[in-house]
Amino acid sequence: MEKIRTLRGFRDIFGEELEKFKRIERVFRKYSDLLGFREVELPVLEKTELFVRSIGDTTDIVEKEMFTFTDVGGDSLTMRPEATAGMVRSYLQEGLYATERMTKVCSVGPMFRHERPQKGRYREFHQIDVEVFGVKEAIVDAELIFMIRMLLDELGIDRYRIEVNSVGCKTCRESFRKVLIDFFETRKSELCEDCLRRLERNPLRIFDCKNEQCIRVTGDSPLLFDSLCDECKDHFTLFQGYVKEFGIEVDINKRLVRGLDYYTKTVFEVTSEDLGAQKAFMAGGRYDNLVEEMGGPATAGIGFAIGVERLAMLVPASREKEDRGCFFACVGDRARDHLISILKACTTEGITLRYAYEAKSLKAQMRYADNLKCDFVLILGDDEIEKGIITLRNMSAKTQQELPLDPQKVVMEIKRQVIGNR
RNA sequence: GUGGGUGUAGCUCAAAGGUUAGAGCAUCAGGCUGUGGUCCUGGGGGCUGAGGGUUCGAGACCCUUCACCCACCCCA
């Protein structure tokens, strides 16, 4: 019979990788709390329309990467491919725009995109998401960069670049679009097939192309950054100044563009050369029109997402020594009768107690205990029972002592030695 | 969706068309009474990803298919 395995791009996450996930979340929650973010948990499944309207119906995500199906009632439903859409929906649905002057929220969970898997890219992947609604001032843009910096520092990651850019607002982007199309029309013959398609669709994304020839062309092209309107220019200048005050170095990448339609003004990406081709592991930006476009009041917004799988690849393996607890080795049926009382006492007092469920030779049990890297082994057999004692062996010190056969006293002694071990 | 690479034991990999497909690691059991790691001995474990073909003979060669990996597109 064929083994059933996970769907393509879906994985079991466990062991060392899961430990890194947990560490990342722990560090994240520390700073999201400190900076006043409120955590929310949102549905994984939403109406398809939510994503079509927010992400943009000509983006690749919406066109070919969503897990979409029709449910029994006939509605088109979609497994969320990113977090911001749901966050905006929730902000509007819960009426937060009316009850607080600004809103800082964050969320952690799985996202789904129907893409071809590769290094650092899966169909089910995890994002940590941060959003601020109702603040148009550039100081909050810088605050998010600061937050990113604190996270990276505490996680012990130092090989990365923070790239920033401005993609302007509706007005400056529209007028620039025409300039850009005119330019590329004159150089059409030099562009690759993909870029010719981009020219029709979204010419800004030609800047993303990895083809050398195209890169040469874009080198000669006018840049959106250089034709920002005064408001957008001022916003970016302020942002830069605040970032500098935080003492954070960022690289201005005037070619940086994002794949989602809703971004305005500030955009940023954190990249690492240690990740393979998918080198961006955090990214975000401002979206000052999105809330209104989704049917809410005109409300500024900004946020970013962390790709947890990608970030985990950069997190150094933790070398914290974990407490492997104690093993109970028993010889003979009479000894087994004491198992439950000892297990109860240990568990109550916070000591991990493990033992062999099936009867085995003492040698086998010792081997097992060693295998589990237990720090202590309790040995109980007929000899001990006769004398009313139990043997406690310290595995690393290779010493052992006799204790009275009393679960409470045994547990107290182990606790005392555990503290001494540290 | 497109291109390239790889599929052999739980894991990492051998076997240049010729016996019964091997090794290391892992696992389990022994090495005289009830004591772990090192060492020694032994055991279990495989439809060689699947299906077809060529051949006296296929893990190997050919075709098909599936899976995984990497890359493109795009994105975290």
Side-chain angles (χ1 to χ4, degrees), chain A residues 1-11 24 55-56 58-66 80-84 108-130 192-195 197-198 201-202 205 208-211 257-260 268-272 275-285 303-314 327 329-332 335 356 358 360-385 391-400:
Chain A
M1 200 160 52
E2 201 179 322
K3 273 186 207 161
I4 296 176
R5 38 175 308 135
T6 52
L7 299 171
R8 168 176 291 175
F10 287 69
R11 309 177 311 135
I24 288 167
I55 299 169
T58 61
T59 57
D60 278 50
I61 292 181
V62 169
E63 277 191 341
K64 54 178 196 187
E65 293 174 0
M66 297 204 300
R80 61 181 183 194
E82 60 100 46
T84 304
V108 178
M111 305 293 156
F112 304 86
R113 287 183 202 172
H114 197 278
E115 300 176 277
R116 201 74 181 246
Q118 71 187 70
K119 190 178 176 69
R121 172 199 287 166
Y122 306 98
R123 289 186 174 182
E124 181 186 34
F125 60 102
H126 295 77
Q127 283 193 347
I128 290 174
D129 187 69
V130 169
C192 71
E193 245 176 80
D194 289 323
C195 282
R197 213 175 327 118
R198 292 184 180 110
R201 281 293 176 78
N202 188 345
R205 277 196 244 155
D208 263 344
C209 190
K210 288 168 186 164
N211 183 306
V257 293
R258 317 254 36 249
L260 285 66
F268 50 89
E269 265 184 21
V270 188
T271 60
S272 168
L275 286 178
Q278 308 305 320
K279 58 185 188 154
F281 62 99
M282 296 185 180
F304 72 90
I306 300 172
V308 180
E309 281 82 355
R310 290 182 190 177
L311 179 55
M313 290 195 279
L314 302 173
F327 190 93
C330 51
V331 184
E358 71 281 41
K360 279 173 173 265
S361 71
L362 180 60
K363 183 193 181 105
Q365 292 182 77
M366 291 301 289
R367 206 161 20 213
Y368 188 24
D370 186 58
N371 220 322
L372 294 170
K373 298 188 168 43
C374 291
D375 297 318
F376 301 97
V377 176
L378 284 168
I379 301 168
L380 186 65
D382 290 340
D383 297 355
E384 282 86 357
I385 291 172
T391 302
L392 175 64
R393 181 173 176 82
N394 181 322
M395 292 297 270
S396 49
K398 297 181 187 183
T399 56
Q400 53 191 55

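Keep in mind the model is a prediction, meaning the values are calculated, not measured. Throughout, a chain's letter reflects where its sequence line sits, starting with A, and its residues are numbered from 1.
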If you round to the nearest 0.5 Å, how far is [atom2] of [Y] from [atom1] of [X]?
X: A:Asp375; Y: A:Asn394; atom1: CG; atom2: CG; answer: 7.5 Å
X: A:Arg258; Y: A:Leu260; atom1: CZ; atom2: CG; answer: 7.0 Å
X: A:Phe376; Y: A:Met395; atom1: CZ; atom2: CE; answer: 11.0 Å

Could you tell me the separation between the [atom1] atom of [X] and the [atom2] atom of [N], rounded to a whole number of Å?
X: A:Glu65; N: B:C74; atom1: CD; atom2: C1'; result: 5 Å
X: A:Gln365; N: B:A29; atom1: CD; atom2: C1'; result: 15 Å
X: A:Glu358; N: B:U27; atom1: CD; atom2: P; result: 15 Å
X: A:Phe268; N: B:A76; atom1: CZ; atom2: P; result: 11 Å
X: A:Phe10; N: B:C69; atom1: CZ; atom2: C1'; result: 18 Å
X: A:Phe304; N: B:A76; atom1: CZ; atom2: P; result: 13 Å
X: A:Arg123; N: B:C69; atom1: CZ; atom2: C1'; result: 14 Å

Inset, instruction - Under the side-chain contact (heavy atoms from CB on, under 4.5 Å) rule, collect the residues that match up with A:Val62, sequence neighbours excluded. - result: A:Val52, A:Ile55, A:Thr59, A:Met66
Legend entry - side-chain hydrogen bond (donor to acceptor under 3.5 Å, both in side chains) partners for A:Gln127, two or more places apart: none
Legend entry - For A:Arg8, side-chain hydrogen bond (donor to acceptor under 3.5 Å, both in side chains) partners two or more places apart: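 A:Arg8 satisfies side-chain hydrogen bond (donor to acceptor under 3.5 Å, both in side chains) with no residue once adjacent residues are dropped.
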Legend entry - Stems where RNA chain B pairs, listed by first number, each of three or more Watson-Crick or G-U pairs under 3.5 Å: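 The stems that RNA chain B takes part in, listed by first number, are B:1-7 with B:66-72, B:10-13 with B:22-25, B:27-31 with B:39-43, B:49-53 with B:61-65.
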Using a heavy-atom cut-off of under 4.0 Å over every strand shown, decide if [X] touches base, sugar-phosphate, or nothing.
X: A:Lys360; value: sugar-phosphate
X: A:Tyr122; value: base
X: A:Ala329; value: nothing
X: A:Met282; value: sugar-phosphate
X: A:Phe125; value: base
X: A:Glu309; value: nothing
X: A:Gly276; value: sugar-phosphate
X: A:Ala283; value: sugar-phosphate

Legend entry - B:A67 phosphate, OP1 or OP2, under 4.0 Å from A:Arg8 side-chain N/O: yes
Inset, instruction - Establish, with yes or no, whether the OP1 or OP2 oxygen of B:C72 is under 4.0 angstrom from a side-chain nitrogen or oxygen of A:Gln118. - result: yes
Legend entry - Nearest heavy atoms of A:Asp129 and A:Ala83, plus distance in Å: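 Where A:Asp129 meets A:Ala83 most closely, the heavy atoms are CG-CB, 3.3 Å.
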Legend entry - Minimal non-hydrogen separation, A:Leu380 against A:Ala335, with atom names: O-CB, 3.3 Å
Legend entry - Pairwise salt bridge (Lys or Arg N to Asp or Glu O under 4.0 Å) hits with a residue in residues 116-127 of chain A, at least two apart: A:Glu115-A:Arg121
Could you give the distance separating [M] and [N] at their [atom1] atoms, to the nearest angstrom?
N: B:A50; M: B:A58; atom1: C1'; result: 16 Å
N: B:C73; M: B:U2; atom1: C1'; result: 9 Å
N: B:G51; M: B:C28; atom1: P; result: 33 Å
N: B:C61; M: B:A23; atom1: P; result: 24 Å
N: B:G18; M: B:C13; atom1: P; result: 24 Å
N: B:U35; M: B:G44; atom1: C1'; result: 26 Å
N: B:G31; M: B:G17; atom1: P; result: 46 Å
N: B:U55; M: B:C63; atom1: C1'; result: 16 Å

Distances under 3.5 Å between nitrogen or oxygen atoms of protein and nucleotides 35-39 of chain B:
residue: B:U35; atom: N3; partner: A:Gln400; partner atom: OE1; Å: 3.4
residue: B:U35; atom: N3; partner: A:Gln400; partner atom: NE2; Å: 3.3
residue: B:U35; atom: O4; partner: A:Gln400; partner atom: NE2; Å: 3.1
residue: B:G36; atom: O2'; partner: A:Asp370; partner atom: OD2; Å: 3.1
residue: B:G36; atom: N7; partner: A:Arg393; partner atom: NH2; Å: 3.2
residue: B:G36; atom: O6; partner: A:Arg393; partner atom: NE; Å: 3.4
residue: B:G36; atom: O6; partner: A:Arg393; partner atom: NH2; Å: 2.4
residue: B:G36; atom: O6; partner: A:Met395; partner atom: O; Å: 3.3
residue: B:G36; atom: N1; partner: A:Met395; partner atom: O; Å: 2.6
residue: B:G36; atom: N2; partner: A:Asp370; partner atom: OD1; Å: 3.1
residue: B:G36; atom: N2; partner: A:Met395; partner atom: O; Å: 3.4
residue: B:G36; atom: N3; partner: A:Asp370; partner atom: OD1; Å: 3.1
residue: B:G37; atom: O4'; partner: A:Asp370; partner atom: OD2; Å: 2.8
residue: B:G37; atom: O6; partner: A:Lys398; partner atom: NZ; Å: 3.1

All N/O pairs under 3.5 Å across the protein-nucleotides 1-6 of chain B interface:
residue: B:U2; atom: O4; partner: A:Arg116; partner atom: NH1; Å: 2.9

Legend entry - Nearest-nucleotide pick for A:Ala277, side chain only, options being B:A29, B:A67, B:C72: B:C72
Inset, instruction - Among the candidates B:A76, B:C70, B:C74, find the nucleotide nearest to the side-chain atoms of A:Arg205. - result: B:C74
Legend entry - Residues in ring-ring contact (aromatic ring centres under 6.0 Å, His included) contact with A:Phe304, at least two apart in sequence or another chain: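 Counting only residues at least two positions away or on another chain, A:Phe304 forms no ring-ring contact (aromatic ring centres under 6.0 Å, His included).
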Legend entry - Residues which pass ring-ring contact (aromatic ring centres under 6.0 Å, His included) with A:Tyr368, listed by chain and number, not counting sequence neighbours: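 Once residues adjacent in sequence are excluded, the partners of A:Tyr368 under the ring-ring contact (aromatic ring centres under 6.0 Å, His included) criterion are A:Phe327.
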Write down the protein N/O and nucleotide N/O pairs, taken from nucleotides 48-51 of chain B, whose separation is under 3.5 Å; answer none if there are no such pairs.
none

Inset, instruction - Between A:Leu7 and A:Ala305, just flag the one whose closest nucleotide in RNA chain B comes earlier from the 5' side. - result: A:Leu7
Inset, instruction - Flag the pair A:Ser361 / A:Met366 as yes when at least one side-chain heavy-atom distance between them is below 4.5 Å, and no otherwise. - result: no
Legend entry - Beyond-backbone contact of A:Ile306 with A:Met282, side-chain heavy atoms, under 4.5 angstrom: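 Result yes, sub-4.5 Å side-chain heavy-atom pair found.
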Legend entry - salt bridge (charged side-chain N to carboxylate O under 4.0 Å, His left out) partners of A:Arg205, counting only residues at least two apart: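 Per chain and number, A:Arg205 pairs via salt bridge (charged side-chain N to carboxylate O under 4.0 Å, His left out) with A:Asp60.
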Legend entry - Residues which pass salt bridge (charged side-chain N to carboxylate O under 4.0 Å, His left out) with A:Glu65, listed by chain and number, not counting sequence neighbours: none
Inset, instruction - Could you tell me whether A:Glu269 and A:Lys279 make a salt bridge, using a distance below 4.0 angstrom between a side-chain N and a carboxylate O? - result: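 Salt bridge between A:Glu269 and A:Lys279, a charged N being under 4.0 Å from a carboxylate O: no.
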